[in-house]
Amino acid sequence: MTASKPASPSAASDRPRPKDWILGIKAYVPGKSTGADGRPLIKLSANENPLGTSPLAQEARHHAGDQARYPDPDSTALRVALGKLHDLPAERIVMGTGSDELLHLAVQAYAGPGDEVLYVRYGFAVYDIAARRCGATPVVAPDRDYGTDVDALLAAVTPATRVVFLANPNNPTGSYIGREEVARLHAGLRPDILLVIDQAYAEYVAAEDDDGAFALAARAHNVLVTRTFSKIYGLAGERVGWATGDADVIDMLNRIRGPFNLSLSAQATALAALADQDFVRHSREHNRAERTRFVAAIEALGNHGLRPLPSQANFVLIEFRGALTAEAAYLGLMEYGYITRWLPGQGLPQALRITIGTAEQMNAIAAALTTLAGAAA
Ligand SMILES: *Cc1c(COP(=O)(O)O)cnc(C)c1O
């Protein structure tokens, strides 16, 4: 368990002095799209949809409306459409500038200095920043072979715990826990602790594997579920996320979110994307097929120490335990024209996260890793 202290504040009195907890933040590192020399690379580092977005969404973006006017502050049409699709009351949905905004707001509403925000080791990198920027202390529970360990999370709860984050599936590991485990986690938490279930990749999970988060959010007072248009909907550039949960929790987030947090084009584009569930299904099927093929290709490199971790998402984390290191693989893949995600900053210097791209891209990556592993042996 770690609860690292913030860096010491600047002593200078001739300039504004940041809060101690802000000084302790390391900025989020986004997936890169160019090599060190600036040359563009094929980007499999940010879990974007390799199929792009729905043509209906692209079309809607061009006819979004009058840019001189403020957008609907409540994104009403979009919330109503989301409610219909997921069988949720629209008034219990709040939109965010990406689900990122909502993750931050959830902590801001319920935690502050002296409080703890809990999640599992290798949890999504934003949780640390979300906790620190409110002055709360991030607390990391041990993982179980890179996955979520419900017992370890429950054991790490203290009287100071206010928010627990569960990314399901988790980024960067791809790990997933089922309905019983999610229910057990929730049942083991005090009712005054907010459980935030981050479902950024939920649409990639088969329906029969549903983790029950929406049902939990519908009946419990302390559950918030977040979703995004950035991943399967292919709208990362539009910054659209949403959350559902208890009416009081949604009310709190509405009070502190940006009043016009979804732009005109974001609302129009997401609404059209939502109506194209064929695109979503096609993306899910493409991802499942390519991920299965890619995992098999990496498993075949087991004798070289490569191990793909089980993933329910649109990426695979590969552990490197042989002569070919994750860093060498990362640099080697760049020579082949691909940028992936090496994560030493998240305590994973032994692993590479690779987004599932097109069939051709995954063939090229698997072939390159086979060559690199052979050359390193
Ligand atoms: C990508 C991602 C998000 C959300 O991103 P937004 O673009 O802000 O919606 C949230 N959680 C996890 C785990 C992610 O990987």
Side-chain angles (χ1 to χ4, degrees), residues 27-33 43-50 53 57 75 78 82 93-108 117 119-131 133 138 140 143 146-148 163-177 182 195-205 211 213 224-244 253 257-258 261-263 266-267 269-270 273-274 283 287 309 311-317 340-341 343 345-346 348 351 353-356:
Y28 182 80
V29 184
K32 295 186 173 64
S33 54
K43 190 182 177 194
L44 296 178
S45 63
N47 303 340
E48 294 147 334
N49 190 331
T53 191
S75 305
L78 188 49
L82 279 166
I93 293 174
V94 57
M95 303 306 301
T97 310
S99 53
D100 199 71
E101 181 188 24
L102 299 164
L103 300 174
H104 288 287
L105 296 182
V107 179
Q108 195 179 356
V117 173
Y119 49 91
V120 77
R121 181 185 298 149
Y122 313 127
F124 186 40
V126 162
Y127 306 154
D128 177 271
I129 300 173
R133 82 175 197 175
V140 178
D143 61 298
Y146 298 97
T148 296
V163 177
V164 173
F165 278 115
L166 170 68
N168 208 37
N170 183 46
N171 170 16
T173 58
S175 69
Y176 188 71
I177 59 171
V182 172
L195 172 61
V196 180
I197 305 176
D198 175 347
Q199 289 197 325
Y201 302 95
E203 296 91 347
Y204 287 106
V205 177
D211 68 3
L224 183 74
V225 179
T226 62
R227 291 230 176 168
T228 183
F229 282 80
S230 299
K231 305 290 158 58
I232 209 165
Y233 285 98
L235 292 178
E238 291 288 348
R239 314 303 305 124
V240 183
W242 60 283
T244 186
L253 301 194
R257 70 174 168 84
N261 60 347
L262 258 64
S263 73
Q267 292 184 38
T269 310
L274 200 61
S283 296
N287 184 69
L309 297 176
S311 172
Q312 290 274 4
N314 66 341
F315 56 84
V316 174
L317 190 74
T340 60
R341 196 74 186 268
L343 294 157
Q346 282 191 60
L348 289 165
R353 191 195 70 192
I354 302 181
T355 303
I356 300 301

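First listed ligand is number 1; within each ligand, the first listed atom is number 1.
Residues forming a side chain to side chain donor-acceptor pair (under 3.5 Å) with Ser99 (at least two apart in sequence, or on another chain): none. With sequence neighbours left out, the ring pair (Phe, Tyr, Trp, His ring centres under 6.0 Å) criterion links Tyr127 to Tyr119, Phe124, Phe165. For Tyr176, the ring pair (Phe, Tyr, Trp, His ring centres under 6.0 Å) criterion is met by no residue, not counting sequence neighbours.
Partner Gln199 forms a side-chain hydrogen bond (donor to acceptor under 3.5 Å, both in side chains) with one of Thr228, Asn168, Asp211 and no other, that one being Asp211.
Listed by chain and number, Gly98, Ser99, Asp100, Phe124, Asn171, Asp198, Ala200, Tyr201, Thr228, Ser230, Lys231, Arg239 each place a non-hydrogen atom less than 4.0 angstrom from ligand 1.
No salt bridge links Glu101 with Arg239; every basic N to acidic carboxylate O contact stays at or beyond 4.0 Å.
A donor-acceptor contact closer than 3.5 angstrom is absent between the side chains of Tyr28 and Asp100.
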